[in-house]
Amino acid sequence: MARVVALYRHPIKGLTPERRDALTVQADGRIAGDRVLAFRFADAAVPEDRDGLDYWPKSKGLALQDFPALAALRTGYDDETRRVRIEHSGTVLVEAGLDDDGRRELTAAVTEFVLASPEGRRLRRPGRLPLVLVGDGETARFQDRPRGYVSVHGRGSVHALGEALGMSVDDRRFRSNVVIDDSAPWSELDWTGEVRVGSVVFQAAGPIVRCLATHANPDTGVRDATVLTTLTASFAQPEPTLGRLLLPGWTPSDHGRPHAGGVIRVGDEVRAG
């Protein structure tokens, strides 16, 4: 039986994942505290509209696909105090709250870091500076797609990829919320219909087509693994795919009661159709 072996949330889009023992799945299907903040380009500080939903394309803000050096930052977010701490190589770059002054401090520190990185020239392109730190620190809203979802991948798939690459591959490269074990490589790509993680029911949605973010070493920020071409060449995939999206498996209940949701935990069984 497949089980959850690791859980992650990513408070700041594109920055350090936080490993957790449990995650709360909200009524909208997103993970509480996941991607509640984002550094956006100056010309993209408000959302676009896609099918009546807010949409924040990752190409218009700091993201690992274009700024892999971000992976070398270590960030922490305190939900209660709404304070962010960002470190690099053991040195604190900034620690501040989410008031106006704090946002300016956080933005200035991250801007300085990125400009000094190998990808700094990309940040100097027209319309990108000054960066804007958006998000209230509570609402999960900066996933790559407008609808709420949970992302999951199987450790067996990652091990198979690692064998093809000839190296150990860290789960954090794929920035999933849920990692499962005791499943055959790529079996999550065959899921259809209902997927149950512990007591929380989801619906299997599309597979996750990967981008250059997966090439970045999650510790150093250096692109050191050709994940995309290995997925297509070694596994005959038409697109470089690893992992699955899960959408809410519940509908509005009677009498105006809220949607379902719940808590998923390390060790939970995973049952999929």
Side-chain angles (χ1 to χ4, degrees), residues 8-19 30-50 54-146 172 175 211-213 215-223:
Y8 297 94
R9 71 172 194 176
H10 308 78
I12 306 175
K13 170 70 179 174
L15 299 185
T16 316
E18 294 179 350
R19 188 159 182 163
R30 302 175 194 257
I31 297 296
D34 187 56
R35 297 164 170 99
V36 297
L37 296 166
F39 289 98
R40 301 289 295 177
F41 299 147
D43 61 2
V46 295
E48 299 178 13
D49 179 273
R50 178 172 289 186
D54 284 355
Y55 175 51
W56 300 85
K58 62 183 177 182
S59 62
K60 297 184 179 181
L62 292 187
L64 287 173
Q65 67 173 6
D66 295 319
F67 300 92
L70 292 171
L73 296 177
R74 293 292 165 264
T75 60
Y77 177 60
D78 188 313
D79 302 78
E80 294 185 4
T81 64
R82 303 285 177 89
R83 290 186 66 81
V84 176
R85 180 185 178 93
I86 301 178
E87 302 180 5
H88 181 245
S89 299
T91 299
V92 177
L93 300 183
V94 63
E95 183 173 1
L98 296 180
D99 57 10
D100 290 345
D101 289 341
R103 287 174 188 266
R104 281 191 288 270
E105 292 179 41
L106 292 163
T107 301
V110 171
T111 299
E112 182 180 1
F113 174 82
V114 175
L115 287 175
S117 76
E119 300 84 41
R121 67 189 184 283
R122 294 179 178 167
L123 192 56
R124 296 187 185 277
R125 292 175 181 172
R128 294 190 166 184
L129 289 174
L131 292 175
V132 182
L133 178 59
V134 297
D136 59 9
E138 180 178 2
T139 306
R141 62 188 309 189
F142 301 111
Q143 285 80 7
D144 293 337
R145 296 163 181 82
R172 292 175 297 160
R175 304 186 67 77
C211 68
L212 281 172
H215 286 208
N217 184 297
D219 290 317
T220 66
V222 174
R223 286 178 174 163

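Considering all non-hydrogen atoms of both residues, Cys211 and Lys58 come closest at SG-NZ, 3.2 Å. Nearest heavy atom pair, residue Gly135 against residue Leu37, reads O-CD2, 3.5 Å. Heavy atoms only, all atoms of each residue included: Pro68 and Ala216 are closest at CB-CB, 3.7 Å. In terms of heavy-atom proximity, Ala140 sits nearest to Asp34 at CB-O, 3.2 Å. The minimum heavy-atom distance between Phe41 and Ser59, with the atom names listed, is CE1-O, 3.4 Å.
Counting heavy atoms from C-beta on, the side chains of Lys13 and Asp144 come closer than 4.5 Å. Pro11 places a side-chain heavy atom less than 4.5 Å from the side chain of Glu18. At a threshold of 4.5 Å between non-hydrogen side-chain atoms, the residues Val110 and Val94 do not count as touching. Within the 4.5 Å cutoff, the side chain of Tyr55 has no heavy atoms near those of the Asp49 side chain. Between Leu115 and Arg124 the shortest side-chain heavy-atom distance falls below 4.5 Å.
Between the Arg175 side chain and the Leu15 main chain, a donor and an acceptor come within less than 3.5 Å of each other. Put simply, the side chain of Tyr77 gets close to the backbone of Gly137: a donor and an acceptor are under 3.5 Å apart. Between the side chain of Thr16 and the backbone N or O of Leu73, at least one donor-acceptor pair lies under 3.5 Å.
Look at Glu87 and Arg74 and you find no salt bridge, because none of the NZ, NE, NH1 or NH2 atoms lies under 4.0 Å from a carboxylate O. Salt-bridge check for Arg128 with Asp66: failed, with every basic side-chain N at 4.0 Å or more from each acidic carboxylate O. Using a cutoff of 4.0 Å between basic side-chain nitrogens and carboxylate oxygens, Arg103 and Asp100 are not scored as salt-bridged.
Distance CZ/Arg83 to CG/Leu106: 8.5 Å, rounded to 0.5 Å. Between atom NE2 of residue His10 and atom CZ of residue Phe142 there is a gap of 15.5 Å, rounded to the nearest 0.5 Å. A distance of 10.0 Å separates CD of Glu95 from CD1 of Ile86, quoted to the nearest 0.5 Å. Between the CG atom of Leu123 and the CZ atom of Phe39 there is a distance of 11.5 Å, given to the nearest 0.5 Å. Taking CG of Leu62 as the start and CG of Leu70 as the end, the distance is 5.5 Å to the nearest 0.5 Å.
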Given side chain to side chain contact (heavy atoms under 4.5 Å, CB included), test Val114 with Glu119 step by step and report yes or no.
CA-CA 7 Å; Val114 175; Glu119 300 84 41; 5.6 Å; no
When you look at Leu98 and Leu133, which way does the side chain to side chain contact (heavy atoms under 4.5 Å, CB included) test go after all the steps?
CA-CA 9 Å; Leu98 296 180; Leu133 178 59; 4.1 Å; yes
Please test Asp219 against Arg172 for side chain to side chain contact (heavy atoms under 4.5 Å, CB included), starting from the C-alpha separation and ending with a verdict.
CA-CA 9 Å; Asp219 290 317; Arg172 292 175 297 160; 3.0 Å; yes
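Contacts classified as side-chain hydrogen bond (donor to acceptor under 3.5 Å, both in side chains) and involving residues 132-142 (residues at least two apart or in different chains) are given here: Asp54-Arg141, Arg82-Glu138, Asp136-Thr139.
Counting heavy atoms of neighbouring residues, nucleotides and ligands inside a 6.0 Å radius, atom CD of Glu112 does not exceed 12 of them.
A search for ring pair (Phe, Tyr, Trp, His ring centres under 6.0 Å) contacts involving Phe113 returns His88, not counting sequence neighbours.
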